[in-house]
Protein chains: 2
Amino acid sequence: MKLGTKGRYAVMALVDLAYYGQGKPLALVEIAQRQSLPISYLEQLFLKLRQKGFVASTRGHLGGYTLAREAETIRISEILEAIGEPLETTRCDKSSSTGCLGTNAKCLTHALWAGLGAQMHHYLQGISLADVCERRVI
Amino acid sequence: MKLGTKGRYAVMALVDLAYYGQGKPLALVEIAQRQSLPISYLEQLFLKLRQKGFVASTRGHLGGYTLAREAETIRISEILEAIGEPLETTRCDKSSSTGCLGTNAKCLTHALWAGLGAQMHHYLQGISLADVCERRVI
DNA sequence: TCATACTTGACTAATTTAGTCGGGAATCCT
DNA sequence: AGGATTCCCGACTAAATTAGTCAAGTATGA
């Protein structure tokens, strides 16, 4: 159970953007250098972040990215979901009714994994970009 | 961030053992069939679980595995650690002093990931095998 | 018009995962 | 004693995932 670079880098970059960009567009190169992240990889991530409405882009000279929403309203859990970082603790098929329901002995552990997932989601939903910037993290 | 089969299967098998084995040895085949797990894979996992003192084995006819400790005392977090399921949220090098310390802007997210890891560990340490068997999971 | 910076899709090397396979060794039952 | 059963253990591997790179294009400002 490891956190991948996709989710990690996306959050790092958005925190950097919230922290250093005061309204002005920040170029991806700048963020990448400051955070020591591969720029071509960041490009991929920001494509998604723009499509999902987290950031806005300005092209050309002096262009870059700005936050499209207030840092206070962006939850870490949203970012991870948008970028495609799973947070999967169970493997039960949610759609099918034949899958594990946690009711029989075979899947006694279902409640355990579901509980773990809920715990993680709750934690990450309780923290905003602004909280991270201002070190209000427990 | 997904939970792998190693950790998932190990916990499933130990819960099965605690639930169905009352002191008597349970053969791996039985557990594997009941939980729909590949037996040759389970063998690998039980090798480690025995070496770390979670289960004891009896060879030969009517042999199998028994819990070597009370189900009340075995925490889920212990099982995952024993089996080699990481629970890694950060990538900072713990040993080196040059790594990220969460003190500079570069690693503002450190506290976030460390907090997530602590949250997960705390949850899984608070639940024992017996809790899962008796459905005392939040 | 040129440098800068975002846009996008295709591609890939390396790692990890999720197992399988085969041969042994101990033990019990008849 | 012999065979069935079961654990023991290391080596091996196909498939999936990760963590990126690369190349070519488009828009913008100085």
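In this text, all values refer to a predicted model and were calculated from it rather than measured experimentally. Order of the sequence lines sets the chain letters (A, B, ...), proteins ahead of strands, with each chain counted from 1.
- Between B:Arg69 and B:Glu78 there is a salt bridge, since a side-chain N of the basic residue sits under 4.0 Å from a carboxylate O of the acidic one.
- When the C1' atom of D:dG20 is taken as reference, atom CZ of A:Arg8 falls 15 Å away, rounded to whole Å.
- Applying the ring pair (Phe, Tyr, Trp, His ring centres under 6.0 Å) test to every pair with at least one member in residues 26-56 of chain A, sequence neighbours left out, gives these pairs: A:Tyr9-A:Tyr41, A:Phe46-A:Tyr65.
- Here D:dC8 presents its P atom at 16 Å from NZ of B:Lys52, a figure rounded to the nearest Å.
- Summarising the local packing, CD of B:Glu72 is surrounded by more than 12 heavy atoms from other residues, nucleotides or ligands at distances under 6.0 Å.
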Between protein and nucleic acid, restricted to nucleotides 2-6 of chain D and to nitrogen or oxygen atoms under 3.5 Å apart, what atom pairs and distances do you find?
from, atom 1, to, atom 2, distance (Å)
D:dT6, O4', B:Gly60, O, 3.3

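- Contact check for A:Asp16 versus A:Glu30: no side-chain heavy atoms found under the 4.5 Å cut-off.
- If you check residues 37-49 of chain B against DNA chain C, the residues with a heavy atom closer than 4.0 Å are B:Pro38, B:Ser40, B:Tyr41, B:Gln44, listed by number.
- Within 6.0 Å of CD1 on A:Ile39 lie more than 12 heavy atoms contributed by other residues, nucleotides or ligands.
- OP1 or OP2 of C:dA18 lies within a sub-4.0 Å distance of a side-chain N or O belonging to B:Thr5.
- Comment: A:Arg75 does not engage A:Glu81 in a salt bridge, judged by the lack of any side-chain N to carboxylate O separation of less than 4.0 angstrom.
- When the C1' atom of C:dT8 is taken as reference, atom CD of A:Gln51 falls 10 Å away, rounded to whole Å.
- Look at OH on A:Tyr9: it is 14 Å from C1' on D:dT21, rounded to the nearest Å.
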